[in-house]
Amino acid sequence: MRSRGLRSAVWSVVAVLAAGWGAAPHSWAATSLGRITARAGILIDRDTGAVIWQRNPDLPLPPASTTKVLTALVALRTAPLDRPVRVSARASQAQPSKVYLQPGWRLRVRDLLYAILLSSANDAAEALAEALAGSSGRFAQRMNEAAMELGARNSFFVNPHGLPAEGHVATARDLAVIFDAALRHPVFREVVSTKAARIQPVWGARRAIPLRNHNRLLGRYRVPVVGKTGWTMAAKKCFVGAALPPSGGDLLVALLGSTDLWGDLRKLLDYGLAKDRTPESPVQMAQAEEFSMPERAAAAGDSEEEESAAPAPPASGPFAVQ
């Protein structure tokens, strides 16, 4: 009886190993990582384009506010940073998260980019899109053209902010490719590396608007981690970004549909920075571009705030027209 039980146990182990041998390479990574809750994701060695880990990397899913990375990239490619933008009534009515811009206010493109990438301001994204293309729909066309140019061909964007809309989807692989291209722009890198800032409308309000970065790993992980968060009920928690070790070996990471975003990210980055990992297949990245833009000093501060909702605007104070 003991011998029969031992044989049964051995065959159980063999069956488990055989299942592992027949699985995709990233299944072994997932086993060593522990449980990753994201529905889709990818981890890429930025230097070589090699995939370190992936799950459903080409599955189109709602990307929530990770959309704003492409919004910022299109704006940086097409608009002077000091160009003033007038906020329309439509833009001011965008749903949270937002910084409660008021109709008629004017803000520089640079400041709107800070609002979009730090505080995930949907009203700022809408205002920027209207100013640069006449409407958010026409701006979305530019976004799709830029995505195709970068090789992000399995995603489609309907608006500049990522609020739920029929047909508005992105894949983890495409988001990583888009973020890689955006990170080559020094102003984008500067903004996503900023923990907190204050922006000042050039007309309409005398007081500055405080902004806080939603990236909880910024300054709180063993290497610098920059990125853009996203959340809606349909999309769950999302992130696209990069780990930037001072010694080199940058990692690109994108997660969609996570229920434990920061836990997932820490596990993946720990694994990606380990020396005993095995890459999968290369990902084609966009060619580097040369930019020359003025720099902006980052303001001090920190934030652990989730993106799910912004605080209600005060009846008077920093957001009131004066």
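In terms of modelled atom types and a separation under 3.5 Å, the side chain of N56 and the main chain of L59 share no donor-acceptor contact.
No option in V226, T194, L183 other than L183 meets the side chain to side chain contact (heavy atoms under 4.5 Å, CB included) test with R189.
Residue F156 belongs to a hydrophobic cluster whose other members are V158, with links defined by side-chain heavy atoms closer than 4.5 Å. Taking a 4.5 Å side-chain heavy-atom cut-off between Ile, Leu, Val, Met, Phe, Trp and Tyr, the cluster of L163 contains only that residue.
Residues R207 and Q200 share a closest heavy-atom pair of C-OE1, 3.5 Å. Here the closest heavy-atom approach between residue L113 and residue A75 is recorded as CD2-CB, 4.1 Å. The two residues T67 and P63 have their closest heavy-atom pair at OG1-CG, 3.4 Å. The minimum heavy-atom distance linking P57 with I42 is given by the pair CB-CD1, 4.0 Å.
There is no side-chain donor-acceptor pair under 3.5 Å between K195 and N215. E126 and S136 share a donor-acceptor pair across their side chains, judged by distance under 3.5 Å alone. Judged by distance alone, the side chains of K68 and S65 do bring a donor and an acceptor atom under 3.5 Å apart.
Classification of R46 and D180 as a salt-bridged pair holds, one side-chain N sitting under 4.0 Å from a carboxylate O. Taking a cutoff of 4.0 Å between a charged side-chain nitrogen and a carboxylate oxygen, R266 and D270 do not qualify as a salt bridge. Salt bridge annotation for R77-E149: present, with a cationic side-chain nitrogen under 4.0 angstrom from a carboxylate oxygen.
Scanning for ring-ring contact (aromatic ring centres under 6.0 Å, His included) contacts around F188 gives F179, with sequence neighbours left out.
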Side chain to side chain donor-acceptor pair (under 3.5 Å) for D264 and T37? Distances and angles first, verdict last.
CA-CA 7 Å; D264 286 351; T37 69; 2.7 Å; yes
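To the nearest 0.5 Å, the span separating NE2 on H185 from CG on L76 amounts to 4.0 Å.
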